[in-house]
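All values derive from a computational prediction rather than experimental measurement. Lettering follows sequence order; numbering is per chain, from 1.
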Number of protein chains: 2
Amino acid sequence: MSSAAQTSPSTAPTPSAAGSPALAGTSDTQGRLLEAAAEAFADRGFHATTTRDIAARAGLSPAGVYVHFKTKEELLYQLSLAGHLAALELLRSAVADHDSPADELRAIMTTFSRWHAEHYRVGRIVQYEFGNLTDEHRDEVLRLRKEIDAVARDVVTRGVASGEFVVGDVADTTLALLSMAIDVARWYDPEIRRTPEAIGAAYGELGLRLVGA
Amino acid sequence: MSSAAQTSPSTAPTPSAAGSPALAGTSDTQGRLLEAAAEAFADRGFHATTTRDIAARAGLSPAGVYVHFKTKEELLYQLSLAGHLAALELLRSAVADHDSPADELRAIMTTFSRWHAEHYRVGRIVQYEFGNLTDEHRDEVLRLRKEIDAVARDVVTRGVASGEFVVGDVADTTLALLSMAIDVARWYDPEIRRTPEAIGAAYGELGLRLVGA
DNA sequence: CCTACCGATCGGTAGG
DNA sequence: CCTACCGATCGGTAGG
């Protein structure tokens, strides 16, 4: 239900800048800054967002950002990391909760596309602001992206092996499946009448069609 | 073969800033500026690109951009407009060249995904820099986007009517079809071994699967 | 967490 | 199409 990665519930007053990438309903200043940055980065993009804008949205002075984060990129990194971790965890849970490739694939597509609708701001940051990370941070996040791909590819591979799926090419098909769900973050708008749940359900079925199941 | 919209082959020396959004292999200064801007906008994004960088790539002084374009956004607009026109023309031709919904859909998916690979820079500008246009320019381009959607939706609608296609929901399915092709611009990298042609062929078949044909 | 501020850069213009 | 430049803004820091 939450977009957050697992957060150690440290009530200890550790003001470390490497703090938890909570993002959920936190009301502490660090969480407010992350939420403000998520909104701004998703709406205007990383470079078009000023640290002053983030600070203002969080109710701080222009320099208030730097009390909690070393750089503007650090804010992007925390959001990107938390988003990737959440997405990976979501896919892994979807697979773990089912026991045939078809059910797993439906669950993956349902949960992944729904997530990109519900959390379309973080989704956009994950998918489109990736290139603005530092080299080190990009490399780290890239590892998570490969894990996400691997989870999906594994389901398709097993479905083909069991004869449940018939596909032309596993890699092509996996990529197209993920594309459908990822692109939701681009076109989703909270104003539209389709709910994230309905989108998830539709994409679960579309995913099965793509593998001939 | 070309990414350009129809260009009046004006050899007349009209140095108008409203000149042709050629983008093809033009070697005139305006074309060089557009190509330089396309590279920079696609690689770093609109806001992260400086007019000085564009000018340098085109071999001009820092202020050289303003000889040909009123603002940095004007450059983005010309690229976005030309890209949308090219994409729309491509889809219309694909439909015109075939005479059953299945063949039309395969052609649409093949050409659209191939185009997003071959012209992934312009594709990224079209899909992801859209929000950086001025209100007027965004409205104008939005009309083209709706026409693009309409071409695809019409093919799906006719396929359902003729019984060739079986889909859950026409709008959902159309959106998912376009998503697959559009997302190519996000992940495509000229370094990979898959060619734009191979991607097009694969996506043509994937599109048919999605409509149960 | 704030005030005050700096150095750098940027889009755009003046005036050839 | 260039040189020279301006006004504004921005990320980040000093020093409380």
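Comparing the end axes of the helix from dC1(C)-dG16(D) to dG16(C)-dC1(D), each fitted to five base pairs by superposing C1' atoms of four pairs onto the next four, gives an inter-axis angle of 0° (nearest 10 degrees).
Classification of Asp183(B) and Arg186(A) as a salt-bridged pair fails, no side-chain N sitting under 4.0 Å from a carboxylate O. Residues Arg57(A) and Asp53(A) are paired through a salt bridge, judged by an N-O separation under 4.0 Å between the basic side chain and the carboxylate. Salt bridge Glu205(B)/Arg209(B): absent, no basic N to carboxylate O contact under 4.0 Å.
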#### Entry: Letter per nucleotide, 5' to 3', of nucleotides 3-16 of chain C [B base touched, S only sugar-phosphate touched, - untouched; heavy atoms, 4.0 Å]
BBB----BBBB---
Show which side-chain atoms of residues 147-156 of chain B pair as donor or acceptor with protein atoms under 3.5 Å away, not counting sequence neighbours.
residue	atom	partner	partner atom	Å
Glu147(B)	OE1	Arg92(B)	NH2	2.5
Asp154(B)	OD2	Arg158(B)	NE	3.0
Asp154(B)	OD2	Arg158(B)	NH2	3.3

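Remark: Arg145(B) qualifies as a cation-pi partner of Phe130(B) under the 6.0 Å distance and 45° angle criteria applied to the six-membered ring.
How far CG of Leu142(B) is from NE2 of His137(B): 14.0 Å, rounded to the nearest 0.5 Å.
Judged purely by distance below 3.5 Å, without hydrogens or angles, the side chains of Tyr77(A) and Glu140(A) pair a donor atom with an acceptor atom.
Qualifying ring pair (Phe, Tyr, Trp, His ring centres under 6.0 Å) partners for Tyr203(B), counting only residues two or more places apart in sequence or in other chains: none. Among residues two or more places apart in sequence or in another chain, the side-chain hydrogen bond (donor to acceptor under 3.5 Å, both in side chains) test is passed with Arg124(B) by none.
Of the residues in residues 131-138 of chain A, not one comes within less than 4.0 Å of DNA chain D through any heavy atom.
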### Query
Yes or no on ring-ring contact (aromatic ring centres under 6.0 Å, His included) for His116(A) and Tyr120(A), after CA distance, side-chain angles and deciding distance?
CA-CA 5 Å; His116(A) 276 90; Tyr120(A) 72 100; over 10 Å; no
